[in-house]
Amino acid sequence: MISPAAGLTPETTEARRAQILARATEAGNDAVLVFGYGSALGAGSKSHGTMRYLTGWDSHEATSLLVINKGDRVLFISSPFMVPIARERLQNVEIIDLRPSEWAAGLKARLTATRNVGTIGFDEMPLSLFRMLTPALEHLRLQSIDRLLGEMQLIKDEEALQLHATGAKICDELFAALQKEISKGAPCWQTQLALETKARGLGADYCRTWLTARPSADHPRYWPEEGLHVPQPGDQVLFGIALTVAGHWAHGIRMGSMGPAPEHHKAMWRLASEMLAAGVAALTPGQALSGCMAAINQVLCRHTSAAERSGLSGFRYGHGLGLSYEDPFITDCFPQSFGAAAPSGISGPAEDQVQPDLTLQPGMLMELHPNFFSPERGGAAIGEMIVIRESGAEALLKFPTSFMEL
C-alpha cells in the first residue's frame, strides 16, 4: 500500500455534524435527517458522500438514516451485518439496528418535540421508503438543506486533501503500469481488471477504469463488448481512472496509442493538451470558474472551424471531487452536453441559458478533463485533479500528460 488510509477522525465528523445542525437551526429547523446509500453504487450516488462526510460511515449496499438534533446523534442502520463494525468505528453516534420498515417508529421516538426538519439526501431516497416514513413525517415541515451541506463540502480541509492526494498517487501508479498490462495481448477487460486489482492492493477501496482502444477511439461505451477488443498496433488509447481512498475520490485520464501513432491522433492530443493548459491557467483564486470553461473553448475554437465543431461531441469539461464523484456547485458549473454540440464549443451551455458560476477559492477540488470526439477521426481527453491554492492551481496527479506510445 502507498500509505494507510484510516479515514476521517471522530473529531472532524462531530465538528461537521455540529456545524450542519447550527446552519439548519439558522434556517429555522429543529433537527436534521440525513439519508444515505453506501458505496456499492460507486459514482452513482451522492448521498453516500454526504453520509460519509458527516459520519465517516459506509454501509456498502445497505442504507442508513442519521438523526441530528440538540440531544441526539443517532444512526439507523438497515443491515444487521453492518451494525457491529459501526459500533466499533463510530464515536459520539448511537447505532440503532433497525429495518427501514421500522424507521418511522424510531423517528417518532426521537422527534417528539420537533416541528421543522432539515433533510439531506432525500432526493435519492426510494419512494417506497419515503412512504414508510410518512407516519413519522406527516406532521412535520420538511425543508431540503442539501445546499447548506454542499456549501460546507465546497472547501476541503487538509485532512481531506491528504486522502485525495493518496488517491492521486494510486492513479499515478496505474498510469505507469498501463504499458506493461496493455502489451500482453489480452482483451481490454483483462487489462482493466489487472489495474483495478492493483489499485485495491495499493489501498483504494473502490476503483473503476475506462479503457477505449480502437482504430478511432470516438467515445467511451462502458459496455462489455468494448472490453472484448484486443489492442492492435495503431489503435488509439484512452484510459481513465476513478477510485476512492477512504471514500475520497481521485480521478484522471491519459491518452496515447498502441505503437507509433498516426499524425492526426497526435494532433488531437496536442489540441486537448493546449485546452487543458488554458483551463488550468484560468483557475486563479478570486476569478470566476466560468473563465476556465471559456478559456478551454477559446482554444478549441481557435484550432477548429464551426463546421468541424458541429461534428464533435464531448462530455463535461470538469466536475467537483470530494466524497461524491460529482461534488455539487463546481459540477453544476460544467454543463453535461455529450451528444449535443453547443454554439460556443462542445461543452458550453446554449446561448439563451444562464449557467451557474462560482468564485474560485483556496481548498476547492475538481477534475478538469477537456475532451472531444469525432466518429471519423477518434477522440481526445486528458484529465487532471486540480486543487485551488492561494498561489493558483495545483495538479495532484504527477504522471505526465504527454502522449504515450504503448
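Along the sequence shown, the residues carry numbers beginning at 1. This one's a predicted model, so the numbers in the text were calculated from it and none came from an experiment.
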Answer yes or no: is there a side-chain heavy-atom contact under 4.5 Å between [X] and [Y]?
{"X": "Met51", "Y": "Tyr37", "value": "no"}
{"X": "Leu276", "Y": "Val280", "value": "yes"}
{"X": "Ile330", "Y": "His319", "value": "no"}
{"X": "Met366", "Y": "Leu289", "value": "yes"}
{"X": "Leu107", "Y": "Leu33", "value": "yes"}
{"X": "Ser39", "Y": "Tyr206", "value": "no"}
{"X": "Asp97", "Y": "Ile77", "value": "no"}
{"X": "Leu406", "Y": "Leu178", "value": "yes"}

Does the side chain of [X] pick up a donor-acceptor pair with the side chain of [Y] at under 3.5 Å?
{"X": "Trp210", "Y": "Thr212", "result": "yes"}
{"X": "Ser144", "Y": "Asp146", "result": "yes"}
{"X": "Asn116", "Y": "Gln143", "result": "no"}
{"X": "Glu274", "Y": "His303", "result": "yes"}
{"X": "Asp30", "Y": "Thr114", "result": "no"}
{"X": "His219", "Y": "Asn371", "result": "no"}
{"X": "Ser64", "Y": "Trp57", "result": "yes"}
{"X": "Glu124", "Y": "Ser45", "result": "yes"}
{"X": "Glu159", "Y": "Thr12", "result": "yes"}

Between [X] and [Y] (side chain of the first, backbone of the second, donor and acceptor by atom type, cut-off under 3.5 Å), is there such a pair?
{"X": "Thr119", "Y": "Phe122", "value": "no"}
{"X": "Arg309", "Y": "Thr304", "value": "yes"}
{"X": "Glu394", "Y": "Gly392", "value": "no"}
{"X": "Arg16", "Y": "Tyr53", "value": "yes"}
{"X": "Gln236", "Y": "Ala217", "value": "yes"}
{"X": "Asn69", "Y": "Gly71", "value": "yes"}
{"X": "His48", "Y": "Ser324", "value": "no"}
{"X": "Ser374", "Y": "Leu312", "value": "no"}
{"X": "Trp103", "Y": "Leu98", "value": "yes"}
{"X": "Arg73", "Y": "Ile68", "value": "no"}

Taking NZ, NE, NH1 and NH2 as the nitrogens, is one of them in [X] or [Y] under 4.0 Å from a carboxylate oxygen of the other?
{"X": "Glu94", "Y": "Arg110", "answer": "yes"}
{"X": "Asp327", "Y": "Lys156", "answer": "yes"}
{"X": "Arg389", "Y": "Glu158", "answer": "yes"}
{"X": "Arg17", "Y": "Glu14", "answer": "yes"}
{"X": "Glu384", "Y": "Lys398", "answer": "no"}
{"X": "Arg52", "Y": "Asp58", "answer": "yes"}

Checklist entry - Leu54 and Leu149: side chain to side chain contact (heavy atoms under 4.5 Å, CB included), yes or no, with the steps? => result CA-CA 9 Å; Leu54 291 168; Leu149 186 66; 4.0 Å; yes

Would you give the length of the straight line joining atom [atom1] of [X] to atom [atom2] of [Y], rounded to the nearest 0.5 angstrom?
{"X": "Leu195", "Y": "Leu243", "atom1": "CG", "atom2": "CG", "result": "11.5 Å"}
{"X": "Leu323", "Y": "Thr50", "atom1": "CG", "atom2": "OG1", "result": "9.0 Å"}
{"X": "Leu193", "Y": "Cys188", "atom1": "CG", "atom2": "SG", "result": "12.5 Å"}
{"X": "Glu226", "Y": "Leu211", "atom1": "CD", "atom2": "CG", "result": "7.5 Å"}
{"X": "Ser257", "Y": "Trp269", "atom1": "OG", "atom2": "CH2", "result": "12.0 Å"}
{"X": "Gln192", "Y": "Ile241", "atom1": "CD", "atom2": "CD1", "result": "10.5 Å"}

Checklist entry - Listed by chain and number, what are the side-chain contact (heavy atoms from CB on, under 4.5 Å) partners of Pro375, not counting sequence neighbours? => result none

Next on the checklist: For Ala281, give me all partners under side-chain contact (heavy atoms from CB on, under 4.5 Å), at least two apart in sequence or on another chain.
Outcome noted: none

Closest contact, heavy atoms only, [X] versus [Y]:
{"X": "Cys292", "Y": "Leu368", "result": "SG-CD1, 3.6 Å"}
{"X": "Met293", "Y": "Pro335", "result": "SD-CD, 3.6 Å"}
{"X": "Asp357", "Y": "Ser290", "result": "OD2-OG, 2.7 Å"}
{"X": "Ile20", "Y": "Val32", "result": "O-CG2, 4.4 Å"}
{"X": "Ala278", "Y": "Val299", "result": "CB-CG2, 3.6 Å"}
{"X": "Pro126", "Y": "Phe35", "result": "CD-CZ, 3.9 Å"}

Next on the checklist: Applying side chain to side chain contact (heavy atoms under 4.5 Å, CB included) to Met268 and Phe372, what does each step give before you reach the verdict?
Outcome noted: CA-CA 9 Å; Met268 296 177 80; Phe372 54 89; 3.8 Å; yes

Checklist entry - So does Arg23 have more than 12 non-hydrogen atoms from other groups sitting under 6.0 Å from CZ? => result yes

Item to check | Whether over 12 other heavy atoms sit under 6.0 Å from Glu263 CD | outcome: yes

Checklist entry - Is the Lys NZ or Arg CZ of Arg254 less than 6.0 Å from the centre of Phe175's six-membered ring, within 45° of the axis? => result yes

Next on the checklist: One pair to check against salt bridge (Lys or Arg N to Asp or Glu O under 4.0 Å): Glu367 and Arg316. What are the steps and the verdict?
Outcome noted: CA-CA 10 Å; Glu367 172 74 6; Arg316 63 169 89 240; over 6 Å; no

Item to check | Audit row: Tyr325, His251, ring pair (Phe, Tyr, Trp, His ring centres under 6.0 Å) steps and yes/no | outcome: CA-CA 9 Å; Tyr325 175 73; His251 185 17; 5.3 Å; yes

Checklist entry - Can you name the one residue among Phe334, Phe315, Tyr317 that meets ring-ring contact (aromatic ring centres under 6.0 Å, His included) with His369? => result Phe315

Checklist outcome for this item: Residues at least two apart in sequence or cross-chain that pass salt bridge (charged side-chain N to carboxylate O under 4.0 Å, His left out) with Glu196, listed by chain then number, are none

Checklist entry - Is there a side chain to side chain contact (heavy atoms under 4.5 Å, CB included) between Thr13 and Asn92 once you walk through the steps? => result CA-CA 10 Å; Thr13 53; Asn92 305 318; over 6 Å; no

